[in-house]
Amino acid sequence: MSEKTFFITTPIYYVNDVPHFGHAYTTVAADALARYQRLRGRDVFFLTGTDEHGQKVAKAAAERGQTPQQYVDVISGAFKRMWERLHVKYDRFIRTSEPEHMALVQKVFARLREQGDISLGEYEGWYCTPCETFLLESELVDGNCPDCGRQVERLKQEAYFLRTSAWGERIRQYIVDHPEFVRPESSRQETLGFIDQGLRDACVTRRALEWDIPVPGDEKHTIYVWFDALLNYLTAAGYLSDEATFARRWPADVQLMGKEILPRFHATTWPAVLMALGLPLPRMLFANGWLLTEDGDKMSKSAGNVVDPVVLAERIARIAGGDADLCADAVRYYLLREISFGQDGRFVSEAVVKRYNADLANDLGNLWHRSAPLLKRYCDGVVPRAEQPTELGAAVAEAAGGLEEQMANLRYREALQDIWAVIRRGNEYIDRRAPWNLAKSGDRPALHTVFYDLCDCLFGLTALLHPFMPAVAERLRGELGVADRAVSWDDCRGGAYPAGTRIAPGKPLFPRIDMKDFAAAAAVVGEPSEGRPAARSVASDEKGVREEAMADTKLISFHEFEKLDLRVGEVLEAEKVPGADKLLKLKVDIGDEQRTMVAGVAEQFAPEELIGKKLVVVANLEPATIRGVESNGMILAATEGRTALALVTVDRDCPNGSPVH
Ligand code: ME8
């Protein structure tokens with residue numbers, strides 16, 4: 001029989017809103033594991049996707065005046081785009097609205113009903129729509145949902161039940177006997193506590209919700225979204241459709257999810273379904289902790305406090321003058337390095353920049369940007385053969401050995417700490433061996449050895465870094481002159497780098513960021529990201545971008561449009577903002593007053609070009625202080641990529657302050 005596939009899953013995300021850092025956290029972690037396993041030669045199947053049924057999705061679509069199908073198509077696209085931008089390389093993106101999945105759900109439902117594991121009864125209790133959870137009276141807190149704190153709905157209806165209670169003791173015993181099954185320990189204990197309260201049979205249907213999957217042969221009922229969702233893992237594994245594939249893929253090796261959906265759903269309902277079907281349980285369920293905001297609240301779409309990782313990466317790239325792909329990797333790095341996987345951690349944008357400066361610009365960037373010019377100067381950029389014993393290669397090989405244990409336990413943070421110990425050692429090696437002194441003293445064998453060792457170390461590091469920062473690894477390989485060699489685990493064994501290669505160093509990988517610029521940029525400058533409207537303001541922040549992502553899904557009313565105070569403004573004065581290459585400070589006459597506005601167009605327009613121009617401006621934008629200048633309003637421009645192409649003007653003269661409708 002062929003090798004068992006290494007099967008990794010993330011939760012499938014609800015499409016009631018656009019993706020955010022919380023989703024990225026679990027998905028990037030899964031991607032790093034998938035990439036690591038691929039690098040180790042495993043046949044990997046990495047599954048992610050979207051959970052598209054349920055009452056809250058139908059509600060979100062209705063609120064936008066769309067059919068559920070139109071709506072889920074757009075939002076699932078937003079998830080795919082985010083994964084692409086964050087270099088998440090999944091093997092399958094499943095959508096629960098796919099006919100293949102819906103057919104499987106109905107088949108499983110029918111089979112379990114036939115076996116007597118699902119039967120008709122009456123549900124009387126509560127339902128939390130935002131969480132899509134059935135709740136007992138005793139579970140409510142002050143009459144509200146214990147998880148999200150919101151109002152719950154009373155339900156009393158005929159419904160089908162899964163005999164979860166019958167499997168409770170076996171599930172409990174399985175968890176006790178297999179300590180690696182539910183991780184981390186806190187989630188394992190929570191699950192045991194949950195089971196010990198007594199598992200009740202799980203309600204698995206609702207009263208004929210229009211957008212949900214119909215119960216086969218009983219049109220009065222539709223299948224509960226969680227029963228439907230959990231089965232995505234089986235659909236993608238090929239259950240009941242492709243026996244050979246299923247035999248290779250199942251059981252899943254690692255199932256990742258946030259800690260809120262582990263005890264009740266993944267560690268009880270899910271094993272009950274699998275046991276009833278006679279299927280083995282997944283090897284490991286691992287719950288990541290929560291990303292919290294600075295105030296300690298969970299970052300969530302429903303709380304409306306979410307940050308978009310792609311926007312943050314773009315902002316970092318723009319301020320640093322760096323590469324957006326490498327900065328997307330910087331965000332990946334932050335997620336996996338900052339917080340111990342399995343524990344909660346606070347997300348702070350400034351902390352991302354601190355890590356960027358300290359670990360990426362300083363440690364990693366320096367190792368390469370110090371080595372390359374020396375190699376150019378003393379060896380014409382061609383990496384010599386080592387003529388004496390080396391030491392860094394061995395350090396890389398040792399870190400590679402340690403990674404195995406760390407990755408088997410999803411200790412991303414510790415894995416990265418070990419890799420960074422090698423990087424720091426590389427920098428310390430340059431200081432200690434001082435190649436400039438070796439060159440001066442004419443000790444060529446020692447000099448050659450140092451250069452080979454450094455490049456071999458960096459080459460090995462590209463393999464170690466690949467799971468976490470694939471674009472960075474690829475860029476470094478290009479600059480090390482080995483772009484044509486596919487990354488391989490063998491690269492980090494020490495001594496694998498081909499001597500005689502000519503290096504091709506480029507621009508700094510991670511130009512340093514001034515924290516002041518970062519803070520100021522929250523409110524500034526034209527940095528359109530993919531898919532945004534072409535003519536847009538030259539000011540933007542995360543909220544703006546999220547609204548734009550949502551704009552795909554809804555039209556605005558005339559009333560909403562009317563909230564904008566657009567006017568004709570004449571530029572009276574224009575000057576550069578000292579120390580900011582991209583900013584101009586404008587004095588604009590908007591009829592009844594003169595306003596100062598800061599615009600990110602200095603690279604495209606000289607100050608004198610703007611003076612006397614009549615532009616369309618947004619006059620009722622809240623003030624923002626940018627580089628110490630208070631900006632009151634915003635000029636509009638058509639943009640491409642990050643560049644303002646043309647300013648929005650009026651086609652004939654009209655009085656300053658004329659409203660624009
Ligand atoms: O629960 N911190 O979907 P969902 C860490 N459709 N992780 C977070 C997070 C945060 N602040 N916010 C979200 C569902 N996540 C169901 C799953 S699976 C068969 C069905 C991540 O859109 C984390 O993985 O509410 C969490 O479990 C998941 O997103 C919830 O996504």
Side-chain angles (χ1 to χ4, degrees), residues 8-31 47-57 60 72 75-76 78-79 82-83 88 94-97 101 104-105 128-133 145 147-148 187 204 212 223-237 252 254-271 273-274 282 285-309 335-336 338-348 410 412:
I8 306 173
T9 71
T10 71
I12 47 169
Y13 303 109
Y14 286 127
V15 288
N16 61 316
D17 200 351
V18 290
H20 59 75
F21 249 105
H23 308 116
Y25 186 38
T26 314
T27 312
V28 163
D31 182 64
L47 170 71
T48 187
T50 39
D51 190 352
E52 303 190 350
H53 293 121
Q55 199 172 347
K56 75 170 158 184
V57 170
V72 298
I75 305 283
S76 66
F79 275 91
M82 179 170 287
W83 303 151
V88 170
I94 192 167
R95 299 181 53 190
T96 54
S97 62
H101 171 73
L104 186 274
V105 172
C128 174
T129 304
C131 297
E132 299 282 15
T133 311
C145 170
D147 287 332
C148 73
S187 290
V204 288
D212 287 357
I223 295 173
Y224 171 45
V225 62
W226 263 103
F227 185 84
D228 158 4
L230 287 166
L231 291 176
N232 91 85
Y233 306 127
L234 289 183
T235 305
V254 179
Q255 300 210 265
L256 293 182
M257 69 212 72
K259 65 178 183 179
E260 77 289 356
I261 56 173
L262 192 136
R264 183 188 292 266
F265 297 111
H266 283 84
T268 46
T269 309
W270 179 219
V273 170
L274 291 169
L285 303 171
F286 202 111
N288 60 254
W290 283 345
L291 287 185
L292 307 172
T293 64
E294 265 174 278
D295 307 326
D297 300 325
K298 183 186 174 203
M299 193 189 279
S300 75
K301 337 180 224 219
S302 31
N305 56 9
V306 299
V307 181
D308 181 323
L335 282 173
L336 300 176
E338 188 78 4
I339 305 157
S340 265
F341 203 66
Q343 286 173 23
D344 292 352
R346 271 167 218 252
F347 170 87
V348 187
L410 277 67
Y412 300 99

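Numbering starts at 1 and runs along the sequence shown. Whatever order the structure lists ligands and atoms in, that order sets their numbers, starting from 1.
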Thr268 side, atom OG1; Leu262 side, atom CG - distance, nearest 0.5 Å: 8.5 Å

Between His266 and Trp226, what is the ring plane arrangement, given parallel below 30°, perpendicular above 60°, and tilted in between? perpendicular

Starting from atom 11 (N) of ligand 1, locate the nearest protein heavy atom and write down its residue, its atom name and how far away it is, to 0.1 Å. Met299 O, 2.7 Å

Closest heavy-atom contact between Asp344 and Leu292? CB-CD1, 3.9 Å

Heavy-atom distance under 4.5 Å between the side chains of Leu285 and Val254, does that happen here? no

Would a 4.5 Å heavy-atom cut-off, applied to side chains only, mark Phe341 and Leu256 as touching? yes

Side chain, backbone, both or neither: which part of Asp51 comes within less than 4.0 Å of ligand 1 when only heavy atoms are counted? side chain

Heavy-atom distance under 4.5 Å between the side chains of Thr50 and Thr96, does that happen here? no

Can you confirm whether Lys259 sits close enough to Trp290 that some side-chain heavy atom of one is under 4.5 Å from a side-chain heavy atom of the other? yes

Applying a strict 4.0 Å limit to heavy atoms, is His20 in contact with ligand 1? yes

Contact with ligand 1 for Gly289, non-hydrogen, under 4.0 angstrom: yes

Any nitrogen or oxygen of Gly258, main chain or side chain, under 3.5 Å from a nitrogen or oxygen of ligand 1? yes

Test item, Tyr233 contacting ligand 1 (heavy atom, 4.0 angstrom): yes

Quick check: Ile261 and ligand 1, any N/O pair under 3.5 Å apart? no

Where's the contact between Asn288 and ligand 1, heavy-atom distance under 4.0 Å: side chain, backbone, both or neither? side chain

What protein heavy atom sits nearest atom 28 (C) of ligand 1, and how far off is it? Tyr13 CE2, 3.7 Å

d(Phe265 CZ, Glu132 CD) to nearest 0.5 Å is 9.0 Å

Heteroatom proximity flag, Tyr14 to ligand 1, N/O under 3.5 Å: yes

Looking only at distance, does Trp226 have an N or O less than 3.5 Å from an N or O of ligand 1? no

Please name the pair of heavy atoms, one in Val57 and one in Glu52, separated by the smallest distance, quoted to 0.1 Å. CG1-O, 3.4 Å

Using a plain distance cutoff, I'd like to know if Ser300 has any nitrogen or oxygen under 3.5 Å from a nitrogen or oxygen of ligand 1. no

If you measure every N or O of His266 against every N or O of ligand 1, does any of those distances drop under 3.5 Å? no

Find out whether Leu274 and Pro282 are in side-chain contact, i.e. whether some heavy atom of one side chain is under 4.5 Å from a heavy atom of the other. yes

Return yes or no for this condition: an N or O of Ile12 is under 3.5 Å from an N or O of ligand 1. yes

For the 3.5 Å polar cut-off, considering only N or O atoms, please tell me whether Pro11 and ligand 1 meet it. no

